[in-house]
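Input: a single structure, listed below in structure tokens.
Per chain, numbering begins at 1; letters A, B, ... match sequence-line order. On a predicted model such as this, the values are computed, not experimentally measured, just so you know.
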Amino acid sequence: MDDVVVDWKVQLYTLLAALPRDRVVSYGGLAKQLDGVNARMVARAMSSLPAGSALPWHRVIRSDGHLADHDGAVEQRARLLADGIMLQGNRVPRRYFL
DNA sequence: TCGTTGACGCTAA
DNA sequence: TTTAGCGCCAACG
């Protein structure tokens, strides 16, 4: 049954890879597109990604637009700015949401 | 097996 | 707009 677990993670990474460069998505937003997955599971999947992952994990933020407070937060902020996403303090304006 | 933890979401104040 | 409280559920010791 481990295959089922692996499956939704693969779908998660696929959705992430297909995300437009100038758009962000919330943990819950991704979870809604994956059957039987909630925001907390998406968050856990993100935290388990390798540091040098090629996936755009930095475009996954909280539903209220704030960046999550974690070890990679500083890098996440820098990557978002590099993608042309103008942050307002520690928040991403709603217009950037998918 | 069980209690705790956590890169969350939603609602009310 | 911000904060607090509660619900959710897999991972971990």
Side-chain angles (χ1 to χ4, degrees):
Chain A
M1 295 303 159
D2 290 347
D3 291 346
V4 178
V5 178
V6 173
D7 190 52
W8 73 259
K9 286 189 177 181
V10 170
Q11 291 183 55
L12 171 64
Y13 300 151
T14 301
L15 287 171
L16 208 52
L19 193 65
R21 213 175 85 90
D22 60 344
R23 284 287 183 274
V24 299
V25 66
S26 68
Y27 295 91
L30 285 172
K32 284 179 183 175
Q33 299 181 63
L34 301 170
D35 194 40
V37 178
N38 60 35
R40 194 134 233 160
M41 294 167 72
V42 174
R44 189 170 289 281
M46 291 297 105
S47 67
S48 65
L49 283 176
S53 174
L55 289 172
W57 54 266
H58 57 286
R59 287 183 216 146
V60 184
I61 62 179
R62 293 175 53 142
S63 64
D64 60 7
H66 281 89
L67 300 187
D69 182 24
H70 59 96
D71 291 343
V74 175
E75 183 184 350
Q76 179 175 27
R77 182 183 165 82
R79 289 201 189 194
L80 287 173
L81 289 172
D83 281 344
I85 295 175
M86 306 304 291
L87 297 172
Q88 293 185 343
N90 196 40
R91 194 192 339 155
V92 176
R94 292 208 173 284
R95 56 193 164 89
Y96 288 112
F97 274 70
L98 194 63

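Distance A/Met46 CE to B/dG9 P: 12 Å, rounded to the nearest Å. Rounding to whole angstrom units, NZ of residue A/Lys32 and C1' of B/dC8 are separated by 12 Å. As a whole-Å value, the separation of A/Asp64 CG from B/dT11 P is 13 Å. Going from atom CG of A/Leu16 over to atom P of B/dA7 covers 17 Å, rounded to whole Å. Nucleotide B/dC8 holds its C1' atom 16 Å from the CD atom of A/Gln33, rounded to whole Å. Look at CG on A/Leu49: it is 18 Å from P on B/dG6, rounded to the nearest Å. The distance from atom NE2 of A/His66 to atom C1' of C/dT1 is 9 Å, rounded to the nearest whole Å. Rounded to an integer number of Å, the gap from CZ of A/Arg62 to C1' of C/dT2 is 12 Å.
For the pair A/Leu34/A/Leu15, a side-chain contact is recorded, criterion being any heavy-atom separation below 4.5 Å from C-beta on. Here the side chains of A/Arg59 and A/Arg21 are in contact, with some heavy-atom distance below 4.5 Å.
Around atom CG of A/Asp64, more than 12 heavy atoms belonging to other residues, nucleotides or ligands sit under 6.0 Å away.
Each of A/Arg62, A/Lys32, A/Met41 was checked for a side-chain contact (heavy atoms from CB on, under 4.5 Å) with A/Tyr27, and the lone residue meeting it is A/Arg62.
Separating the CD atom in A/Gln76 from the NE2 atom in A/His70 is a distance of 4.0 Å, to the nearest 0.5 Å.
Both A/Leu55 and A/Val42 sit in one connected hydrophobic cluster of ILVMFWY residues. Membership requires side-chain heavy atoms under 4.5 Å apart, directly or through other members.
Judged by distance alone, the side chain of A/Asp83 and the main-chain N or O of A/Ile85 form no donor-acceptor pair under 3.5 Å.
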Query - Sugar-phosphate or base contact per nucleotide [nucleotides 4-10 of chain C; S, B, -; heavy atom under 4.0 Å] - result: ---BBSB
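Using a 4.0 Å heavy-atom distance criterion, A/Ser47 is classed as a base contact.
Side-chain proximity of A/Tyr27 to C/dT1, B/dC10, B/dC8: nearest is B/dC8.
Regarding contacts with the backbone of B/dC10, a side-chain N or O of A/Ser63 is found under 4.0 angstrom from either OP1 or OP2.
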